[in-house]
Every structure is written in C-alpha cells, then in structure tokens.
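Only this structure's heavy atoms are used, side chains among them; waters, hydrogens and symmetry mates stay out. So that the names make sense, note that chain A is the first sequence line, chain B the second, and so on, each numbered from 1.
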4 protein chains.
Amino acid sequence: MRLDASTPLPTGTLSRMPVVNSESRRARSGNRRDEAARVAVLHAADDLLVEHGFGALTIEAIARRAGVAKQTIYRWWPSKVEILLDTLIEDSDKHVPVPTGEVTADGVRDYLRGFARFLTGDPAGKVLLTLIAQAQHDPGTAGSFHERYLGPRRDQERDLLARALDAGVIAPRLGLDEVVDALVGPIVYRALVGAAVPDALVDALVDDLLRPRPES
Amino acid sequence: MRLDASTPLPTGTLSRMPVVNSESRRARSGNRRDEAARVAVLHAADDLLVEHGFGALTIEAIARRAGVAKQTIYRWWPSKVEILLDTLIEDSDKHVPVPTGEVTADGVRDYLRGFARFLTGDPAGKVLLTLIAQAQHDPGTAGSFHERYLGPRRDQERDLLARALDAGVIAPRLGLDEVVDALVGPIVYRALVGAAVPDALVDALVDDLLRPRPES
Amino acid sequence: MRLDASTPLPTGTLSRMPVVNSESRRARSGNRRDEAARVAVLHAADDLLVEHGFGALTIEAIARRAGVAKQTIYRWWPSKVEILLDTLIEDSDKHVPVPTGEVTADGVRDYLRGFARFLTGDPAGKVLLTLIAQAQHDPGTAGSFHERYLGPRRDQERDLLARALDAGVIAPRLGLDEVVDALVGPIVYRALVGAAVPDALVDALVDDLLRPRPES
Amino acid sequence: MRLDASTPLPTGTLSRMPVVNSESRRARSGNRRDEAARVAVLHAADDLLVEHGFGALTIEAIARRAGVAKQTIYRWWPSKVEILLDTLIEDSDKHVPVPTGEVTADGVRDYLRGFARFLTGDPAGKVLLTLIAQAQHDPGTAGSFHERYLGPRRDQERDLLARALDAGVIAPRLGLDEVVDALVGPIVYRALVGAAVPDALVDALVDDLLRPRPES
DNA sequence: GTGTAATCGAGACGGTACGTCGAGTCTTCAG
DNA sequence: CTGAAGACTCGACGTACCGTCTCGATTACAC
C-alpha cells in the first residue's frame, strides 16, 4: 500500500519526469508537477481511509495530512475517488497481479486465494471495497472505476481462465464470463458484508466450478 | 416501493394510529406521532434516491420534499440510513418474499430469479445496493443493516435451502453457507458493477451448484 | 463605538424582540434572531477594522472573533460593508447628532467641530472614512452608503443650515448645498489625507463662509 | 490616460531603453527591461479599473490582459497600487498641470475648473479617486501616494496661490493651507460621493474665498 | 374543564467541508 | 539576465448540510 516517490506518474499523460535529481529532494515546486506532493496525497488518502474511514476522507483532511494545498489536489485530481483509484491500481497490480504466461489449476486457485486475502486482509483491499461502494452513489465514480480498474482487470481474469481452459487444466460447465462472476462474486460479496473468505471456501468454489468431473 | 399510510409504523414502538381521520388530513399535529409525516418522509427519501442519487439524499432535502421539519426526522430516525432500511424492509418483503412451506427445485430457482430482477430492475433494489455501499463507509450503517435486514434474510435463505435439501430436490456439493454465497454472491456482485443478471445466468448457477449429478 | 445588546435591531424590519429575559442571557438561539450574535458581529467588525485595518476585515475573521458561524453573518448582512454601515449609523447618531430645534451660530460651529473630531479622533470615524473609500471601489457599497447614511445626514445638515439662515444667525453668500460642501468637504478631505482638522480651521471656514459681513 | 512606449520609465532606475529596435518589436525579451511589457501592464491596469472597477483589478487579471507573466509584474512593481500611481502621475501632469509662471485670478479659477473636470469626467480621474480610497485601507498605499503624488502636487498648488497672492490677484482671508483645503476639499469630496462639480460651484468657491472684498 | 405533555412546522444557531479564486513565491526554459 | 509559463502554499470566498436548539401552535390524555 506504500508508494515511493520513484514510481511514475499515473495521472494524466505528462508522466515523464526529468529523472528527478537523484539526491536532493530540495528542489521543490517550479514549473513541473511536484512528484513529492503527488505521493504525499496518495499516502494521505490511503492512511485516512484505513485509519478513520471514508467519512473522514475529505479533500481538506487529505490536504492537511499531506501538507499540501487544496488547490494542488484539485489541479491534478477531479475528485477524491480518482485519488483512491490511483492508489488502488498501483497496489492491486503489486499485491495481487493476475498471473500471466503458463497457467495451472493451482495457479488459478492461488490467484483467487490471494485476491480474497487482498480484499479482506490488506488495507489496500479496503480501497477496492470503498470504490465499489462509492460507485453505487455516484455515476461518475462508476464510470472511471469501470474504465480504469474493473474492466481491465476482468479482461485479465477472463484471459487467465481462457488460457487455463486451453491448457486443459480446468473444465468449467459454465461460460467464461459466468465463471468469472461465479468465482469472484462470492468472494467480493462476502468481503462486502464483512464476512471472512477462508481458503477453504475459495477451494470449494474452484473445485465445484472448475474441476473436471471424474465421470466417464 | 410505495408505502401507504395504512402500513404499520416500523420505527419505534408506538406503532398503531388512531385510524387516521377518515375525512381529512387537516387535523395536523397533536400528541401522537403523525403517520402522514412518517410516510411522507419514507416516500421523499425513496424518490430522492431514485431520482437524484444518494448524493442528493440529505436530511434537509428529505425534509423539504416531505414538507416536514428537520426535527421531525431527527426525532424518529437516528440517521438517513435507517429511513432507507425502513423502506427496504417493507419493500423487499413485499416484492421478493423468501418462499416458505413446501419447496421445489423450481421454487429455489424462481426465488433467485426474482431476487435478481429486484436488484437490477426494481427501484427498491437500488435501496439495497445503496445500503450495501453505505455499510462500507460507516460502521453504524453496517451494524443496523446486518441486524435488521441482512441477517434475518440470510437466515431465511439458508432455511429455504435446508428445506430443499431435506426434500431431496437439490444436491449441493458445498455446505449450506457456501451455497448461499455462491448463489447470491454473483447476483449481487453483477448488480453492484452495473451488469445485467439474466435468468440464464441464474439458471446456470443453480444448475451447476444445486443439481444432482447424473453420475452413476 | 460600543453597542449594547439592548439597542434595537437595525437590520431588516423584524426589529421587535420579545423583551429578552432581563436576566439570564442563557436562552440562546431558537427560531428568532439572536440579538447577542448580532451585537457580537458589529463589535467584532469594529474592532478588527480599528486594530488591523480594512485588509483584515474578512467575513471569516469577523465570524471567528465574534464567535459566530459565517452563515449567521451571511444570513443577515449582504456584505461586510453593511455591517460597517450598521455600526456607523448607530455610532454617528450617538456621537455627533445633527442638532435639532433652535439653532445658533455657535451651534453650527460646534457641530462641525464635533464632526471633525469624530472623523479624526473617534474610532467610529474610521468607519466613515472606510465606507467613503469602499464606495469608490464598489457601486453596491456606494448605493447603500448614500441611501442609508450620506443622504439622510446631508438632508439633516442642509436643514440645520436652513434653520440657521431663517433665524438670521448665519449669512452665507453661497447656496445651501454649496455651503454644505464648502464646510464638510474640507473636513472630510483633510481626514482622508490623514491631516488633522484643528478647531481653528473649522472656525475659519465657518467665519469665512457663514458670518455676516460687517459692511453696512 | 494612454501611455505610449516612448515615455520614459518612471519605475526603478534603469529607465533608458536601447532606443527600441526601430524596425521591430519582434526581438522580444533579452537582458534589458522590456518596455513593451511595462506599457502593456500600465494599460491593462488602467483598462481593467475603468471597465470593471477596482474589484477586478487583480495582479492575475492584469497579467492576463497584458499578456505578461505575473512574475514580470512582481519584479517591477511592489504592488498594484504603484502601477496605478505610475499612470496617475503621468496622466495628471498631462491633463491638469498646475500652472507655472505668471498667474491671474482667471488662471487659478481655470485650474480648479480643469481639476474638477479631471476628477469627474476623465477616466484618469478615477485613478486618483481610487488611490485616495485605497490609501484609507492600506498604510503602505497611503505612504507612497502622499510621497509620490499628493505631497508634490499640494506644494505646487500652494505655490500657485502664493504667487497669485503676491501678484495681488487674490485676497483670501484664510491662510494659504486653509485656502488650499477650502478649495480642493469640496471638489474632491463631491467627486468622492459621486456628485457633479459644475463650473458654477467652482466659481462660487473661488469668488467667496479668494475675491477681494469690495468693502470700503 | 383544564392543565400537562408530546407533537409538528419553522427556522436560527455553531460548525465543517465544499470547490474556486487570487496572492505572492519559486523554478524551468527559451531568447 | 530577461520574460512567459505555470506549479506551489496559503487563506478567504460564498454555499450547502450537519445536528442542536427554541419557538408558537396544536392536540390528546389525566386529573
């Protein structure tokens, strides 16, 4: 859930930085975007959400905690939701990457176990739940959440299952999209209602939905 | 989603009204709770949510729309979430009651189809999604939402499946709780991300998770 | 420059108070205007202007100092200028009332002396200078300043001179309006440029402009 | 009120320009002060003041309108008031110079008539009124306004009257300073309160205050 | 009957956060 | 060394709701 100042700028397109004087970090502000401010905002938002909940996640509180002016936030992010999206994208890619390349039955199962742990144990998982929630309240949030996170990730997950199917390591009786929902849905749902998602549950789902039947 | 003034008062304990003056609505205020005000508040909350989203659902807007003083709302409901809970409980019991008594395989399937339609098509379903969302933001909401809605309903659903199992009309390979999540989870999840939940999807889930295997 | 809580409400028309429980002052707020808040705002504005100048006279600072919410100020005053106008009107009527009734040559002279002292010595005089200044910057200010203060006062001054003329105690060679400007103008002008306005100067003006010529 | 690029630089000390490239205005910027930028700023300030009032006279608006960077303004002027002072000094010397040399009674009267017209009719007169106003709000403004404009001009006016007195063309009964205030004060005062200053009023003041009495 | 008590609409109050604007400082880059 | 560009911190703007309060009117029940 931590972001360091050396990660590239995820917001907007002007992502390249003039390498940022390796030492120093004393050349603050000027004509280019201040990377330190950007990271401070992401951290502050994260921390506030985890420590005090979404209700305490106001632009003013973020600015206060990040030691940054409100205007700096408004300049780069259209809403606090986009701040959370920025952190979520970095964190989920880092903590639960969708496996690429060769895939086994265990690979699928382990990914889902990891995803369940991310959702219920990792502070960054709380960001995902929060965004799902906020998407219910605000169509704008729903839009960019789908476009920037949910769509791409679902594509990767679908692709993972497609490769597993091709490799013959799974044998679902439902279509690919249905299988994605049948696996991810229960995990997310339990996380949303505050229930645990033990490995055994994930394993049972995987077993029931993906395992080739021994018959014939 | 409509509540009429003849429904009993779900909040507080003094629920019965003295028959409400047949001819009028001109004898305002007095010593007893004003049923018309109660209903007006529930309607106003509903309407605002459906028409303008959760962001527009403020106590002041509800009071304005209901033609009621803010204090009247604060007197009877601890938060706007409780208002939504009141409407949700009435509506979901009315629109998608969990079947009781004798249960068949089709009965289970039809209930889930109805629940999916409620979530994605009925305005009252939006209230449920909204409450799931708000429960992520606020522990208080989470508490009463579980206590007053989610817990009881899950118990009923679990009971439904237990009776179906006893009757031998379903043959799940997962435990009862897992089956509830495996069925309800995908439906809720798709509704949350704005996707449709066609009957075919519900049927496929039911078929894959509950149907006795023909093997041997 | 001090206003006590027993003065009537000058803003708006709803001026009558239910006598305000003589003792107590513990019945704060309700559904009538809070007199204590009104007075606190006037005092705070006054004090800030005198102590730190017009630049420090922000709505937020007034609210802070008065221990009042910003909204309370915006509810009752359209701008901070109107707050100053309220204090000015009360103070100038109290500190330099235009004499009424019988008038003598000395009466005119003393009024002008008092007015000069008010402008240059009294903190409330600074309010007047500030309003003249702000009227240059903002047409709205100019409007209400003329309507609520300058017009009425000029009428009174003109009337004073008219009565003096009728009584034969002055003999100006200019018209009444010209005389008002010729007397008041220099006083205000010197106050504006930060110069003193000694009695001798006032006397000289009065003598030169109003005294009957000894010549036959 | 217009300043052309050939006028000398009044601000700072490096006033001479390297003749300003005869053929162009295409060799922008370099290591000498850019005269075009200076003039553009003065014009922009003037125009904004006249067109939209003092409230619209912000550094950012001036920079925007002048097509100049904020820093360029901050580099050369300590405040926006000094920009106005620069334009005022040039304009008032050009539009209402205090007469020098031989002086007649008519010369004094005509000067005051011109001054009155400048204050009430000329856009540049608005700059003077604005500065008088702003001097009430800010001691810094008051300081440089007196030093750079008010003091010198009053000296010239006093000197004018002194020469007229020596020449025997006026016969005031008040001291020189009092006469200056008695003449200028009413004019400025009426301009400040938005009243007209007709020639007849000026003439009456001159007549009453300066004309030798026919007595005996 | 006549208090007494609880209701209701209305709306003022002290607060907090909103999203915007301008101030004045600083840094980069091009001439 | 200049000027244009523009990011930065800071603080005020005027608005919207929050949750609490006090009012005056209304109505039912207990005495």
Whole-Å distance between [N] [atom2] and [X] [atom1]?
X	N	atom1	atom2	value
C/Asp34	F/dC23	CG	P	11 Å
D/Trp76	E/dG24	CH2	P	19 Å
D/Arg75	F/dT2	CZ	P	6 Å
A/Arg33	E/dT28	CZ	P	17 Å
B/Trp77	F/dT20	CH2	P	16 Å
A/Tyr74	F/dT9	OH	C1'	16 Å
B/Lys80	F/dG19	NZ	C1'	12 Å
C/Ile73	F/dT15	CD1	C1'	14 Å

Item to check | Within residues 55-72 of chain B: residues closer than 4.0 Å to DNA chain F (heavy atoms) | outcome: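 Residues of residues 55-72 of chain B that come under 4.0 Å of DNA chain F are, in numerical order, B/Thr58, B/Ile59, B/Glu60, B/Arg64, B/Lys70, B/Gln71.
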
Tell me, please, which residues at least two apart from [X] pass side-chain hydrogen bond (donor to acceptor under 3.5 Å, both in side chains).
X	answer
A/Thr141	A/Asp138
D/Thr72	none
A/Thr130	none

Item to check | Where C/Ala56 and C/Leu48 come nearest, the two heavy atoms and their spacing | outcome: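 Where C/Ala56 meets C/Leu48 most closely, the heavy atoms are O-CD1, 4.4 Å.
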
Checklist entry - According to the side-chain hydrogen bond (donor to acceptor under 3.5 Å, both in side chains) rule, which pairs have a member within residues 55-64 of chain A, sequence neighbours left out? => result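 Every pair satisfying side-chain hydrogen bond (donor to acceptor under 3.5 Å, both in side chains) with a residue in residues 55-64 of chain A: A/Glu60-A/Lys70.
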
Checklist entry - Nearest 0.5 Å, what's the NE2-CG distance between A/His137 and B/Leu57? => result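 If we round to the nearest 0.5 Å, A/His137:NE2 and B/Leu57:CG are 9.0 Å apart.
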
Checklist entry - Which value, rounded to the nearest 0.5 Å, describes the distance between A/Ile83 atom CD1 and A/Asp46 atom CG? => result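 The distance works out to 10.5 Å.
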
Nucleotide N/O of nucleotides 29-31 of chain F paired with protein N/O under 3.5 Å:
none

Checklist entry - side chain to side chain contact (heavy atoms under 4.5 Å, CB included) with A/Val127: which of A/Leu85, A/Val50, A/Leu49? => result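 Testing A/Val127 for a side chain to side chain contact (heavy atoms under 4.5 Å, CB included) against A/Leu85, A/Val50, A/Leu49 leaves exactly one candidate, A/Leu49.
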
Checklist entry - Is it true that the NZ or CZ of A/Arg38 lies under 6.0 Å from the centre of A/Trp76's six-membered ring and within 45 degrees of the ring axis? => result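 No cation-pi geometry.
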
